[in-house]
There are 2 protein chains.
Amino acid sequence: MTETRRRGRRPSGADTKTALIEAATEAFAAQGYDKATVRDIAGRAGVDPAMVNHWFGGKEGLFAAAMQIPVNPAEIIEGALRGGREHAGEQLVRTFLHVWDTTGGGVFAGLVRSVAGHELAAKLLREFVTRFIFGRLAKEIGADRPELRGALTGSQMVGLGMMRYVVKLEPIASADHDTLARAIGPTIQRYLTGDIDI
Amino acid sequence: MTETRRRGRRPSGADTKTALIEAATEAFAAQGYDKATVRDIAGRAGVDPAMVNHWFGGKEGLFAAAMQIPVNPAEIIEGALRGGREHAGEQLVRTFLHVWDTTGGGVFAGLVRSVAGHELAAKLLREFVTRFIFGRLAKEIGADRPELRGALTGSQMVGLGMMRYVVKLEPIASADHDTLARAIGPTIQRYLTGDIDI
DNA sequence: GTCTATACAACGATAGAC
DNA sequence: GTCTATCGTTGTATAGAC
């Protein structure tokens, strides 16, 4: 009785990406990142698990897409470390600004709204940030207390986003990337590699 | 024909404070801080302008109350500058944590929600922060580019609040004040008095 | 009778008109 | 430069709650 799905390209109209994102949103929200499985999500969406790789580059990408975060975690890390660890601070600021300026500030504001409004969204963002971005970045840098360093880094980056995209406080809202990178870069650099006086 | 209001204590039930806050919320929202006058607000509330001073300590206090910000601006400044300008960074972090830990993180989250959701709230917060807290603090310190310094300081403080009270990312969410003051204090100190490499 | 929330009057500062 | 209107704030007397 198990109807075998036909191979090959499907008839158009079945939006595989959308179906996957919807199924993933439910699954991640209900079970968290670890417990939600790609196979289960693909099953709910009625598509092959390989589609996750094809469309989102893997489980991480699907998670980011489900959270409506226009960021590929790997790109953030790579962008920050380009130029060596002694420039990671400035580079991270530049990468952050590039990503969100391109996306449009409204998306950031929307993310903040959902995080501030729903405990569930906060939990998912917590998991996302911890696991993919700042924790990994701190470990990549190779310093002590990577969780604290990552969280401190996150606090400054989120604060930057709040000022630039949500509160729109001048002169941060309109400042060019160079100015902000030079002003905030050293803060991130210290959080990542400096002496944070534990 | 002008009916002179009776002096003396009013019959109970007439809540002057609430009436003032409601009138102030409307007035500040409609006209901004400068254009809204104490006299007009008191008039709308049907009470004497002197009540603003009596209940809120002045126009600033009424504004803070209308914004539901449990912070007396003057206290922030005073708390940060206690100990001299070379310790203003650490002190500001400590004062910030003391105020919001006492209030309860939920209030901070609510403020973020309203700011992220309503452009009007963002505008008022912008005005509040610019005028009363960071701008004044930066000028009090006496450095160049006070607006940029104030905005940078604000970005780190707001980010700290987001991590501790909204996202609740560990280890920031549970860290003691000393740890955070030592970790973040130098950032604020540099923003306020250091070389921000313009 | 005491306490306090209140109204009224007046002050110094400030901004704009002329 | 002066005059005026209006602002935020302060001092003080009083009426009513307790």
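Below, read A as the first sequence line, B as the second, and so on, with proteins coming before strands; counting in each chain starts at 1.
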- Item | salt bridge (charged side-chain N to carboxylate O under 4.0 Å, His left out) partners of residues 92-106 of chain B, not counting sequence neighbours, each pair once |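 For residues 92-106 of chain B, and leaving out neighbouring residues, the salt bridge (charged side-chain N to carboxylate O under 4.0 Å, His left out) pairs sorted by first residue read B/E90-B/R94, B/R94-B/D178, B/D101-B/R164.
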
- Between residues 18-27 of chain B and DNA chain D, which residues have a heavy-atom gap below 4.0 Å?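 None, since no heavy atom is under 4.0 Å.
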
Qualifying residues under side-chain contact (heavy atoms from CB on, under 4.5 Å), relative to [X], sequence neighbours excluded:
X      : result
A/A183 : B/L152
B/E22  : B/T18
B/Q68  : none
A/R82  : A/E78

Find every protein N or O atom lying less than 3.5 Å from an N or O atom of nucleotides 8-10 of chain D, and list the pairs.
{"from": "D/dG8", "atom 1": "OP1", "to": "B/V38", "atom 2": "N", "distance (Å)": "3.2"}
{"from": "D/dG8", "atom 1": "OP1", "to": "B/K59", "atom 2": "NZ", "distance (Å)": "2.9"}
{"from": "D/dG8", "atom 1": "OP2", "to": "B/V38", "atom 2": "N", "distance (Å)": "2.8"}
{"from": "D/dG8", "atom 1": "N7", "to": "B/R39", "atom 2": "NH1", "distance (Å)": "2.6"}
{"from": "D/dG8", "atom 1": "O6", "to": "B/R39", "atom 2": "NH1", "distance (Å)": "3.2"}
{"from": "D/dT9", "atom 1": "OP2", "to": "B/K59", "atom 2": "N", "distance (Å)": "3.0"}
{"from": "D/dT10", "atom 1": "OP2", "to": "B/N53", "atom 2": "OD1", "distance (Å)": "2.9"}

- Query: Do any pairs count as a ring-ring contact (aromatic ring centres under 6.0 Å, His included) and have a residue in residues 25-53 of chain B, sequence neighbours left out, and if so which ones?
  - Reply: B/F28-B/Y33, B/F28-B/F63, B/Y33-B/F63, B/Y33-B/F132

- Item | Ionic contact status for B/D144 with B/R149, cut-off 4.0 Å |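 Salt bridge: yes.
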
- Message: Taking ring pair (Phe, Tyr, Trp, His ring centres under 6.0 Å) as the definition, give me every residue that meets it alongside B/Y165, ordered by chain and number, with sequence neighbours left out.
- Response: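 Ring pair (Phe, Tyr, Trp, His ring centres under 6.0 Å) check on B/Y165 returns B/F108.
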
How many Å lie between [atom1] on [X] and [atom2] on [N], as a whole number?
X     : N     : atom1 : atom2 : value
B/H54 : C/dC3 : NE2   : C1'   : 11 Å
B/M51 : C/dA9 : CE    : C1'   : 14 Å
B/I41 : D/dC7 : CD1   : C1'   : 12 Å

- Message: If the helix axis at each end comes from five base pairs, how far does the helix from C/dG1-D/dC18 to C/dC18-D/dG1 deviate from straight, to 10°?
- Response: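 Comparing the first five pairs with the last five, the axes sit 10° apart.
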
- Task: Only counting residues at least two apart or in another chain, list the ones meeting salt bridge (charged side-chain N to carboxylate O under 4.0 Å, His left out) with A/K59.
- Result: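 Scan of A/K59 (salt bridge (charged side-chain N to carboxylate O under 4.0 Å, His left out), adjacent residues dropped) gives none.
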
- Note on the structure: By salt bridge (charged side-chain N to carboxylate O under 4.0 Å, His left out), B/E170 pairs with (sequence neighbours left out) none

